[in-house]
Amino acid sequence: MQEKYLPSEIEHAAQARWTASQAYRASEASDRPKYYCLSMFPYPSGKLHMGHVRNYTIGDVLARYHALRGFNVMQPMGWDAFGLPAENAAIANNVPPAAWTYANIDHMRTQLQALGLAIDWSRELATCKPDYYRWEQWLFTRLFEKGVIYKKMATVNWDPVDQTVLANEQVIEGRGWRSGALVEKRDIPMYFFRITQYADELLSGLDTLPGWPERVKTMQSNWIGKSVGVRFAFPYQHDGKDEQLWVFTTRADTIMGVTFCAVAAEHPLAARAAESNSALAAFIAECKQGSVAEADMATMEKKGMDTGLTVTHPLTGEAIPVWIGNYVLMSYGDGAVMAVPAHDERDFGFAQKYGLPIKQVIDHVAIVDARKALATGKNGDQPLTSEDIEKLKNFLSTNKYSTDRWHDGYDTKLGICINSGKYDSLDYTAAVDAIAADLAALNLGEKKTQFRLRDWGISRQRYWGCPIPIIHCDACGDVPVPAEQLPVVLPEDVVPDGSGNPLNKRADFVNCACPKCGAPARRETDTMDTFVESSWYYARYACPDFDGGMLDARANKWLPVDQYIGGIEHAILHLLYARFFHKLMRDEGLVSSNEPFVNLLTQGMVIADTYYREDASGKKTWFNPADVELRDGVATCKTDGAPVIVGGTEKMSKSKNNGVDPQALIDLYGADTARLFTMFAAPPEQSLEWSDAGVEGAHRFLRRLWKAGYEHLQAGAVAAYTGGELSEATKTLRRQLHQTIQKVSDDIERRKQFNTAIAAVMELMNALAKLEGDDATTRSVRQEVLEAAAALLAPMVPHVAEALYAELRPGAVMIWPPVDATALVQDEIELMLQVNGKLRGQIRVAVSADKASIEAAALASESVQKYLEGQPPKKVVVVPGRLVNIVV
RNA sequence: GCCGGGAUGGCGGAAUCGGUAGACGCAGCGGAUUCAAAAUCCGCCGCUGGUAACAGUGUGGGGGUUCGAGUCCCCCUCCCGGCACCA
């Protein structure tokens, strides 16, 4: 055995051995229980970053642990290879996105392999390859024919200078990121997945996922946003014809408080009013500026303009003015809302700003009761005293509805109706029921379940994506590409220039024959949202080589995924789309399960400081932390020495250029150190603030581990302890060993918290270092501890653990150490003594001691006597195995 | 703005079911070893007062429940993630 710990030697040897023996090849033939362990596949951005290291090490720990526990493990890897960064790189460096992407994949594969992950590389896939996206196109055509995919208009960000559609990320403060031009909204036709048809199932399916974090399920549930409300109409006359303005509300109980309606700028009513009003037309044009992102819509200043038109309140017959509101979304519901300023904070602000009336129609139960009591002079049957009257008057005057300022609770659903005619004194449910019934009787509305979730628009006006398999024929319309003509192959020799989709300029791609009538036709040049590829890759890993269809029988052998690991930032979109796709594939008969991922671990983000410079136009250039020098709180760029601005600590990302390259870490200390540090620095679910400090410590521990093994083996390996008389020291160490085995198993398997598992093994090694003696029994215990420590650490640091284990037990197959229950037995335990909840001492008692004898021992102890001062205790709380609290 | 999280020593974090706050590691300080340094080993290490024993105080801020609160409840501040075209 080498005296020195030489990570690079150990790691190269181990990796060569694993490759040669195909150690991580997953087999469908095995009769052991399967464990499909999947980490979210990476976008091949160029280099591995710490987020990847963290993600894949977490997955690897779980995969290796289960393999040691006897499972038939599959852990695959692939590439989420389509996407915007490849086009940006193409524009910047004049290289085709395809070439850039493939080069990145090759580099990152090498980096991943250097991490020593237990991956079955024979299942590797890349979504930009025709043998992958072919089946995505095939499913698209199936769903198109079934009506699950349809076409409609949708609003996008339009850069009028670059003449291109912008991603939300590319809109910075309302301007295009490259041109700086004010961004406009533009309506274009797009294909949509009818995900709303599955909304109910996506919602109820969450209840079948106990292995998912509660917060993710809550977020998805809120995103789907099922709400029961009323859809109803305000009738009006136009050119002598009866027409209706439809709205949806979850607060039909406030309908008597409607003082105006607001419609989106794109609403037909708005367009009609603008025909004869140039100011209105100008306002509509202004509303069409800016990005389509909801966050922008929700934070911008709420503006509106009166259309001069009115509609009729369906229940009161009152004339209700119609306004255009820049915050009303055409794509949501009917593009119009009823406004009840008294009970909706947004409407309240709008009404205040434009001097519109505010009519209170809901009040708290307590206030209504107080008013009633004052009016009748009685509280229930009890006559009011003058003191009661005073109190009630006081209560009412301090809780008076104010139109000056919005107060929390004005939008409560727990109030009851007032100023609402026949609906007065009804509570929320009763009022909604009565109002819905009355509207239905008028044929002007009904109860409706509405979802916040919108259909999924997947058309992207970009080159580097999966071509949408549709052919446009003047005679036949939109025709799906027949299965035998698939895949529609994306040409890989294209270099985009930032002005629209270059596929439009490729006659060889665009021109084709209509599959139905044979006439000359045009191929669709939009590509699919890259979320589509990542919605089914987990299934394709089961059969990546199958060329007879999307999936074969192996899919049901492996699915559902037993453990899915990925960033919390994917809590809603990716995970919802993947769940949706699983149901689509199920309904196509491709998979038999209802949900794709049984257990989900949402890893926290790896965050790092950001640094940037801003030019005159406000455009920011981001600097990598590796290129920035911090001295006395001033940050400068290492290459030019000039200062850079310190931004916030944010998720490591391409756009902020704050990713830390783990390669340097691996080169210097080895993969095991990188893995150990990432697992030790924070629990998986928390965000991990990157810092170079601490890596040393992880490396030192591995050196100490190696040295402990080396020193023990100087006198030769022995058989691990199996029985016989033990000293106090060896007995204590064995108890700690078996407690550690229990803890590490529980930490990995149930708690999925690896930092504490590592800490426990560190403590064990610290204790081992203090064990003295070289007699046969002591050496056998030392052997037992070292063997176990190597196995317990193997999921985290597989290379060094295997190497050490091989020295300790040459030729043996590593197993997860079993717990020896007899080693855990303890005769005496220490109990804490508290007086009035404050720690005042401790006592040792027999494990078998009953409450009464513990209490007696506690009261007798000197540390308690001091505080009793001769008085009898008021109360004694005995918590078995923990403490005694004496109240005086 | 809306939805979901988070905040514990100088730093990363631990405390699993309401029961010893600060495990483990980093940094720091002291010592051993060394010609010297690195590495290694040993010890100390929340804050305040005290030579010490010890006492007080302490988990973002304010209030509450409890024999007992980092943990539960209410309110607030700040930070992070998502918001449908970054992935």
Side-chain angles (χ1 to χ4, degrees), chain A residues 40 42-43 45 80 82-85 88 156-157 165-171 213-216 218-223 225 292-300 302 327 331 345-346 452-462 529-531 534 567-574 576-577 602 604-605 607 648-651 653-655 677 680-683 685-689 691 693-698 700-701 703-704 707 743 746-747 750-751 753 755-756 758-763 766 769 830-834 836-839 842 874-877 879 881-887:
Chain A
M40 290 181 186
Y43 177 80
S45 52
D80 188 12
F82 278 135
L84 205 49
N88 297 338
V156 294
N157 303 308
V165 176
L166 297 178
N168 285 334
E169 186 193 49
Q170 298 172 318
V171 180
E214 227 32 70
R215 60 172 164 163
V216 174
T218 307
M219 279 192 262
Q220 291 216 349
S221 166
N222 290 343
W223 184 262
V292 298
E294 198 200 279
D296 294 336
M297 299 290 284
T299 48
M300 72 187 173
K302 313 279 175 292
Y327 61 93
S331 55
E345 191 170 359
R346 196 164 57 173
R452 205 187 77 94
L453 180 70
R454 309 199 291 262
D455 276 338
W456 176 16
I458 54 122
S459 295
R460 298 291 179 268
Q461 298 67 46
R462 309 199 186 286
D529 181 359
T530 56
F531 272 125
S534 56
I568 182 66
E569 66 271 28
H570 295 292
I572 296 175
L573 291 179
H574 162 62
L576 189 68
Y577 292 147
T602 47
M605 261 144 317
I607 54 180
T649 309
E650 292 180 65
K651 175 179 88 162
S653 71
K654 296 170 281 292
S655 55
F677 174 70
F680 182 62
E685 305 238 79
Q686 270 178 43
S687 60
L688 185 153
E689 194 176 328
S691 96
V695 178
E696 262 299 331
R700 262 202 295 265
F701 171 69
R703 276 208 306 255
R704 271 205 306 277
K707 197 173 133 199
K743 173 159 179 64
D746 185 53
D747 276 351
R750 181 181 62 86
R751 298 216 300 154
Q753 187 170 303
N755 54 332
T756 48
I758 293 165
V761 181
M762 284 177 170
E763 283 182 84
N766 289 345
E830 197 162 63
L831 293 185
M832 294 304 122
L833 295 181
Q834 291 184 341
N836 287 339
K838 283 191 175 169
L839 184 68
Q842 51 271 68
K874 253 193 214 157
K875 187 173 176 182
V876 180
V877 182
V879 184
R882 291 256 179 214
L883 54 69
V884 183
N885 188 17
I886 293 148
V887 188

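Throughout, protein chains are lettered first and strands after them, A, B, ... in sequence-line order, and every chain is numbered starting at 1. This structure is a prediction, so every number in the text was calculated from the model and none was measured.
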Quantified in whole Å, what is the P atom distance between nucleotide B:rG10 and nucleotide B:rG61? 13 Å
Roughly how far, to the nearest 0.5 Å, is CG of A:Leu453 from CG of A:Asp455? 7.5 Å
Provide, to the nearest angstrom, the distance between the CG atom belonging to A:Asp296 and the P atom belonging to B:rC86. 12 Å
What's A:Arg751 touching, base or sugar-phosphate or nothing? Going by heavy atoms closer than 4.0 Å. base
Could you run through nucleotides 65-72 of chain B and give me one letter per nucleotide, 5' to 3': B if any protein heavy atom sits under 4.0 Å from the base, S if only the sugar-phosphate is that close, - if neither? --BS----
Which one of A:Val887, A:Ile886, A:Asn885 satisfies the side-chain contact (heavy atoms from CB on, under 4.5 Å) criterion with A:Val876? A:Ile886
Residues that A:His574 engages under side-chain hydrogen bond (donor to acceptor under 3.5 Å, both in side chains), provided they are two or more places apart: A:Tyr564
Sticking with atom P, work out how far B:rA7 lies from B:rC72, rounded to a whole angstrom. 11 Å
When A:Ala167 and A:Gln842 are each assigned the nearest nucleotide of RNA chain B, the 5'-most assignment goes to A:Gln842
For A:Arg462, salt bridge (charged side-chain N to carboxylate O under 4.0 Å, His left out) partners two or more places apart: none
Any idea if B:rG9 is syn or anti, going by the 90°-from-0 cut? syn
What one-letter contact string describes nucleotides 23-30 of chain B from 5' to 3', where B marks a base within less than 4.0 Å of any protein heavy atom, S marks contact via sugar-phosphate atoms alone, and - marks no contact? BBSSS---
Same-atom distance (P) from B:rC80 to B:rU8, integer angstrom: 15 Å
Base, sugar-phosphate or nothing for A:Lys302? Non-hydrogen atoms, less than 4.0 Å. nothing
Contacts under 3.5 Å, N or O only, protein and nucleotides 7-9 of chain B:
none

What distance, rounded to whole Å, do you find between the two C1' atoms, one in B:rG13 and one in B:rU77? 24 Å
Please state the C1' separation for the pair B:rC42 and B:rA69 - nearest whole angstrom. 38 Å
Using whole Å, what does the distance between atom P of nucleotide B:rC86 and atom CG of A:Leu573 come to? 9 Å
Counting only heavy atoms not in A:Arg882, do more than 12 fall under 6.0 Å of its CZ? no
Taking syn as any angle within 90 degrees of 0 and anti as the rest, which one fits B:rC79? anti
Sugar-phosphate only, base, or nothing, as touched by A:Val156 at under 4.0 Å among non-hydrogen atoms: base
In chain order, what residues pass the salt bridge (charged side-chain N to carboxylate O under 4.0 Å, His left out) check against A:Asp746, with sequence neighbours excluded? A:Arg750
Residues two or more places apart in sequence or in another chain: which of them pass side-chain hydrogen bond (donor to acceptor under 3.5 Å, both in side chains) with A:Glu830? none
For nucleotides 52-58 of chain B, just jot down a letter per nucleotide in 5' to 3' order: B, S or -, based on protein non-hydrogen atoms under 4.0 Å. ---SSS-
For A:Lys743, the salt bridge (charged side-chain N to carboxylate O under 4.0 Å, His left out) test, sequence neighbours excluded, returns A:Asp747
Identify whether any heavy atom of A:Thr299 sits under 4.0 Å from a base atom; if not, whether one sits that close to sugar-phosphate; answer base, sugar-phosphate or nothing. base
Base, sugar-phosphate, or nothing for A:Trp456, non-hydrogen atoms under 4.0 angstrom? nothing
Partners passing salt bridge (charged side-chain N to carboxylate O under 4.0 Å, His left out) against A:Arg452 (at least two apart in sequence or in another chain): A:Glu294
A:Gln461 (side chain) and B:rC85 (base): donor-acceptor pair under 3.5 Å: yes
Which part of the nucleic acid does A:Leu84 contact within heavy-atom distance under 4.0 Å: base, sugar-phosphate only, or nothing? sugar-phosphate
Tell me what A:Ser459 touches on the nucleic acid: a base, only sugar-phosphate, or nothing, going by heavy atoms under 4.0 Å. base
So what stems show up for RNA chain B if we need 3 or more Watson-Crick or G-U pairs in a row, all under 3.5 Å? B:1-7 with B:77-83, B:10-12 with B:24-26, B:28-32 with B:40-44, B:46-49 with B:54-57, B:60-64 with B:72-76
Is there a donor N/O on one and an acceptor N/O on the other, under 3.5 Å, for the side chain of A:Arg703 and the base of B:rU40? no
For A:Trp456, check ring-ring contact (aromatic ring centres under 6.0 Å, His included) against everything at least two apart and list the hits. A:Phe193, A:Tyr577
When we call it a touch if two heavy atoms are under 4.0 Å apart, what does A:Ala295 touch: a base, just sugar-phosphate, or nothing? base
Given B:rU16, B:rG82, B:rA84, which nucleotide is nearest the side-chain atoms of A:Asp747? B:rU16
Expressed as a whole number of angstroms, how long is the span from A:Arg454:CZ to B:rC83:C1'? 9 Å
